[in-house]
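Heads up: numbering here begins at 1 and tracks the sequence.
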Amino acid sequence: MSIAAPVATAVHSYLRHVAVERGLAGNTVAAYRRDLGLYTAWLAAEPETDTAATIAAGAPPRPITDLRAVTRQHISAFVQHLGLRSTSPLTAASIARILSTVRGFHRFLLDEGLVEADVAHDTKPPKLALRLPKAISIEQVTALLAATDGGDVQRLRDRALLELLYATGARVSEVVNLNVDDVLVEGFDSVRLTGKGDKQRIVPVGSFARTAVSDYLVRARPMLSARGRSTPALFLGLRGQRVSRQNAWLIIRAAAERAGLTVPVSPHTLRHSFATHLLAGGADVRVVQELLGHSSVATTQIYTLVTIDTLRDMYTTAHPRAR
């Protein structure tokens, strides 16, 4: 069933708002678009609740084409629908993310005067199971980085990429979006990363990563750059183009296979390991929050649970009366 024009116009206005006024990243806006596509398609197929007069007149119920007709019951029914779909029911985490988008959309509608009440405000997402970040040990990180040893251009690039990811705890998108000018500064002891919502932060870079990046810039990048069009990108593929997030994932997976690691390893694994190892080494959670670019310390505190679990395992193993 097609989506009513007024609803589609409101969705377009909201997406423009989050992209232009709030400065959200393109991938985030695309996710919002998909979420609202699910929501508005469901509204187009859902009859209005207040249809007594229509039914009394013998006419079929009408789908929702006016956002002012949406009620709290509709929002709750939509959340329930997502978890009970006959085709690919969604997980609690996916439902919570979609509901967050829908709540933001309805808050925007109220702010713009398009509706009289925020009917999504009080709707609660399903309870999420606590999932601890998957980090690997320091020994496994060392083995992973050692798997990039070598003097050819590809290994020099891979070593610099992995060292920088682990040294900064950056998201993979933040690292692949770096340009040469972002690191070619006097001393090169820190890097400016651009995170979600175009928020920038300065993160220190350790000596191992500095050496790896410097070696790559001197011995490998000029050769890679000569294979393609001129680009300011820091990390280049074998054809001279900017390394993509997918390329980075494949680079890490290949290194993990060479290192003989039996656990799944992704770019985000290095970010999780960065945070976990810092906290285990005594870093303050607020400092780790700033380094990771988390807007709320509550997001960072989940890593403290990983550290507590590690301490508990060590205690159980080492203390004579722990068991």
Side-chain angles (χ1 to χ4, degrees), residues 133-195 201-225 232-238 242-261 263-281 283 287-288 291-293:
K134 292 180 173 60
I136 57 179
S137 68
I138 296 175
E139 292 74 19
Q140 288 172 318
V141 171
T142 302
L144 179 70
L145 296 173
T148 61
D149 285 345
D152 60 275
V153 294
Q154 188 170 350
R155 290 294 178 88
L156 288 168
R157 190 255 344 251
D158 295 353
R159 182 58 174 257
L161 176 66
L162 268 64
E163 286 279 11
L164 196 59
L165 280 168
Y166 179 59
T168 62
R171 302 174 180 91
V172 64
S173 58
E174 296 171 345
V175 168
V176 299
N177 286 332
L178 286 172
N179 292 328
V180 174
D181 288 346
D182 293 323
V183 296
L184 275 185
V185 294
E186 186 176 356
F188 177 42
D189 58 356
S190 62
V191 63
R192 184 186 301 273
L193 299 172
T194 303
R201 66 188 188 279
I202 303 295
V203 179
V205 178
S207 60
F208 287 93
R210 291 201 305 270
T211 299
V213 172
S214 296
D215 287 346
Y216 161 71
L217 285 172
V218 173
R219 299 165 54 192
R221 190 185 180 281
M223 299 176 64
L224 293 173
S225 180
L234 174 60
F235 290 110
L236 301 180
L238 297 182
R242 183 185 293 272
V243 167
S244 67
R245 291 185 301 164
Q246 292 76 14
N247 293 150
W249 192 91
L250 293 173
I251 289 168
I252 292 177
R253 185 174 71 172
E257 289 176 355
R258 291 195 300 271
L261 299 184
V263 295
V265 181
S266 69
H268 228 61
T269 303
L270 291 176
R271 179 170 164 85
H272 292 324
S273 302
F274 165 86
T276 303
H277 298 165
L278 276 177
L279 288 168
V287 173
V288 178
L291 294 173
L292 291 175

Heavy atoms, side chains only, cut-off 4.5 Å: are Leu236 and Tyr216 in contact? yes
Considering non-hydrogen atoms only, spot the tightest contact between Ala167 and Gly206 and give its length. CB-N, 4.4 Å
Looking at side-chain heavy atoms only, is the closest gap between Trp249 and Val172 below 4.5 Å? no
Find the distance between CG (Asp215) and CZ (Arg221) and round it off to the nearest 0.5 Å. 15.5 Å
Just do the side chain to side chain contact (heavy atoms under 4.5 Å, CB included) check on Phe274 and Leu292 with the steps written out, would you? CA-CA 9 Å; Phe274 165 86; Leu292 291 175; 3.8 Å; yes
Side-chain (Arg210) to main-chain (Val205) donor-acceptor, under 3.5 angstrom: yes
Residue set satisfying side chain to side chain contact (heavy atoms under 4.5 Å, CB included) with Glu257, at least two apart, ordered chain then number -> Arg253
Looking only at heavy atoms, the pair that brings Ala212 and Glu163 closest together is CB-CG, 3.9 Å
Separation between OG of Ser244 and CG of Leu250, rounded to the nearest 0.5 Å: 7.5 Å
Start with the C-alpha distance between Asn177 and Thr194, add both sets of side-chain angles, then the distance that settles side chain to side chain contact (heavy atoms under 4.5 Å, CB included), and finish with yes or no. CA-CA 8 Å; Asn177 286 332; Thr194 303; over 6 Å; no
Has the side chain of His272 got a donor or acceptor atom that lies under 3.5 Å from a matching backbone atom of Ile136? no
Do Leu144 and Leu270 have side chains that approach each other closer than 4.5 Å (heavy atoms only, starting at C-beta)? yes
Mind listing the closest non-hydrogen atom pair of Val141 and Ser273 along with its distance? CG2-CB, 4.3 Å
Distance in Å, Asp181 CG paired with Arg192 CZ, rounded so as to fall on 0.5 Å steps: 12.5 Å
Closest non-hydrogen atom pair between Arg157 and Leu224, with its separation: CG-CD1, 4.2 Å
Let's go through Val265 and Gln140 carefully: what are the C-alpha distance in whole Å and the side-chain angles of both, what is the deciding distance for side chain to side chain contact (heavy atoms under 4.5 Å, CB included) to 0.1 Å, and is it a yes or a no? CA-CA 10 Å; Val265 181; Gln140 288 172 318; over 6 Å; no
Nearest 0.5 angstrom please: Ile202 CD1 to Leu193 CG, how far? 8.0 Å
Short side-chain to backbone donor-acceptor contact, Arg242 and Pro232, under 3.5 Å: no
Output the distance between atom CZ (Phe208) and atom CG (Leu162), rounded to the nearest 0.5 Å. 15.0 Å
With sequence neighbours left out, what residues match Arg201 under side-chain hydrogen bond (donor to acceptor under 3.5 Å, both in side chains)? Glu174
Can you check whether Ile252 reaches Asp158 side chain to side chain, under 4.5 Å on heavy atoms? no
Check for a donor-acceptor pair, side chain of Asp182 on one end and backbone N or O of Asn179 on the other, with a separation under 3.5 Å. yes
Salt bridge (Lys or Arg N to Asp or Glu O under 4.0 Å) contacts touching residues 135-150 (sequence neighbours left out): Asp149-Arg159
Do you know the tightest heavy-atom contact between Pro204 and Leu291? CD-CD2, 3.6 Å
Report the C-alpha separation of Ser266 and Thr269 in whole Å, then their side-chain angles, then the decisive distance to 0.1 Å, and conclude whether the side-chain hydrogen bond (donor to acceptor under 3.5 Å, both in side chains) test is met. CA-CA 5 Å; Ser266 69; Thr269 303; 3.2 Å; yes
Side chain Arg155, main chain Thr148, donor-acceptor under 3.5 Å: no
If you take all heavy atoms of Gly195 and Arg171, which pair is closest and at what distance? CA-NH1, 4.1 Å
Find out whether Leu217 and Ser214 are in side-chain contact, i.e. whether some heavy atom of one side chain is under 4.5 Å from a heavy atom of the other. no
Check whether Thr168 reaches the backbone of Leu164 with its side chain - one donor and one acceptor, N or O, closer than 3.5 Å. yes
